[in-house]
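Bear in mind that the values here come from a model prediction, so they are computed numbers and not experimental data.
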Number of protein chains: 2
Amino acid sequence: MNKRKALKEFKETIKKSGMKFTPQREKIFKVILSTKGHFEIEDLVHKIRSKNIDVSRATVYRTLDILKNLGYVNEVIKFKNKTIYEVALKEHHDHLICRKCGKIIEFHSEEIEKLQNKICKKYKFKPEFHRLEIFGLCKDCQK
Amino acid sequence: MNKRKALKEFKETIKKSGMKFTPQREKIFKVILSTKGHFEIEDLVHKIRSKNIDVSRATVYRTLDILKNLGYVNEVIKFKNKTIYEVALKEHHDHLICRKCGKIIEFHSEEIEKLQNKICKKYKFKPEFHRLEIFGLCKDCQK
DNA sequence: CTGGATGCAAAGGGTTTGCATAAAA
DNA sequence: TTTTATGCAAACCCTTTGCATCCAG
């Protein structure tokens with residue numbers, strides 16, 4: 001999905017949800033769209049500030065919460081009391097997280113997903129989303 | 001492993017690591033041993049207080065950190081900025097977490113573990129531990 | 001004795017919130 | 001005009017830390 005289209009869709013969704021489409025929300029959304037991979041709120045605030053865009057930290061937090069509820073971003077993990085997010089536009093995937101350098105490698109395994117569904121069925125549990133994080137040492141940090 | 005034995009082993013481990021075996025550490029360890037399933041620090045503090053045991057919150061935090069490093073407890077998840085732990089005496093397992101009532105169901109799948117190892121090999125990643133959390137609605141909360 | 005452990009209270013750091021003001025609709 | 005959003009700063013909450021005191025080894 002291209003950015004123009006995504007923005008338009010976001011505008012409509014926001015309005016349909018009874019909220020207002022403000023310049024701040026537009027700006028935050030745009031910055032997130034241009035973000036590759038994972039980010040934390042502080043990153044966002046700095047990125048926004050460096051573009052001479054005026055949005056308060058509080059608004060960034062409030063908007064992130066909205067974006068999470070609308071499904072535009074996912075909370076990946078709470079690490080050292082900081083929340084790490086990711087843009088939710090790509091396909092679902094899981095993470096290998098290097099304990100040493102912090103690198104995050106994404107992977108996807110249809111086989112694992114299938115096994116998860118099997119387990120949920122067994123417990124009559126209705127899955128909505130999941131997180132699989134494998135911590136360890138990446139290729140470079142094993143040296 | 002019974003509690004007496006676990007405590008003895010803990011005492012030895014603590015000493016071997018060059019730390020002191022204090023009454024506070026003993027008390028905290030005992031309370032954790034008698035804990036079934038998951039807990040958060042505040043639970044621990046209250047449990048300890050209700051037994052008229054004097055241990056400061058700071059010491060509980062410091063001891064939990066030691067227990068984590070020694071492998072006696074695992075950090076399960078950070079939820080609403082609170083850390084949830086579990087006793088690490090049982091076999092490794094993963095979690096189904098009910099988004100509505102907060103219930104945590106444990107499961108284990110050897111098949112999933114094997115697939116994970118396969119993936120790590122592919123990325124030349126050396127896994128140390130992992131977390132698989134499936135969020136959704138438990139049997140009761142689907143009604 | 002002596003160095004690590006404890007308790008207290010204060011500081012930290014990310015996140016949330018109350019309130020007056022601003023601006024979408 | 002009405003209602004929701006913003007900005008600011010203060011409040012929150014979990015967690016960490018500095019320091020004087022204590023105590024296990």
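Between A/Glu12 atom CD and C/dA25 atom P there is a gap of 13 Å when expressed in whole angstrom units. Taking atom NZ on A/Lys27 and atom C1' on D/dT6, their separation rounds to 12 Å, with Å as the unit. One atom, CG of A/Leu44, and another, P of C/dT15, lie 11 Å apart when rounded to the nearest Å. Rounded to an integer number of Å, the gap from OH of A/Tyr61 to C1' of C/dG18 is 18 Å. When the P atom of C/dG14 is taken as reference, atom NZ of B/Lys82 falls 20 Å away, rounded to whole Å. In this entry the distance linking CG of A/Asp43 with P of C/dT15 reads 11 Å, nearest Å. Taking atom OH on B/Tyr85 and atom C1' on D/dC14, their separation rounds to 11 Å, with Å as the unit. One interatomic measurement links the two molecules: CZ of B/Arg62 to P of D/dC14, which rounds to 18 Å at whole-angstrom precision.
Between A/Thr63 and B/Asp65, the residue anchored closer to the 5' end of DNA chain D is A/Thr63, taking for each the nucleotide with the nearest heavy atom. DNA chain D is contacted by both B/Arg57 and B/Lys11; B/Arg57 maps to the nucleotide lying nearer its 5′ end (nearest heavy atom per residue).
Within 6.0 Å of atom CG in B/Asp54, 12 or fewer heavy atoms from other residues, nucleotides or ligands are found, so the atom counts as exposed in its surroundings.
OP1 or OP2 of D/dG7 lies within a sub-4.0 Å distance of a side-chain N or O belonging to A/Thr59.
Listed by chain and number, the residues in a salt bridge (Lys or Arg N to Asp or Glu O under 4.0 Å) with A/Lys126 amount to none (sequence neighbours excluded).
For the pair A/Gln142 (side chain) and B/Lys124 (backbone), a donor-acceptor distance under 3.5 Å is present.
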*Going through the distances and angles, do A/His93 and A/Glu86 end up as a side-chain contact (heavy atoms from CB on, under 4.5 Å)?*
CA-CA 11 Å; A/His93 55 263; A/Glu86 69 179 0; 3.0 Å; yes
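Here A/Glu26 pairs with A/Lys30 in a salt bridge; the nearest charged N to carboxylate O distance falls below 4.0 Å. Looking at A/Lys11 and A/Glu9, no side-chain N of the basic residue comes within less than 4.0 Å of a carboxylate O on the acidic one, giving no salt bridge.
For DNA chain D, the neighbouring residues in residues 13-25 of chain A, judged by any heavy atom under 4.0 Å, are A/Met19, A/Lys20, A/Thr22, A/Gln24, A/Arg25.
Taking the six-membered ring for Trp and thresholds of 30 and 60 degrees, B/Tyr123 and A/Phe107 have ring planes inclined between 30 and 60 degrees apart.
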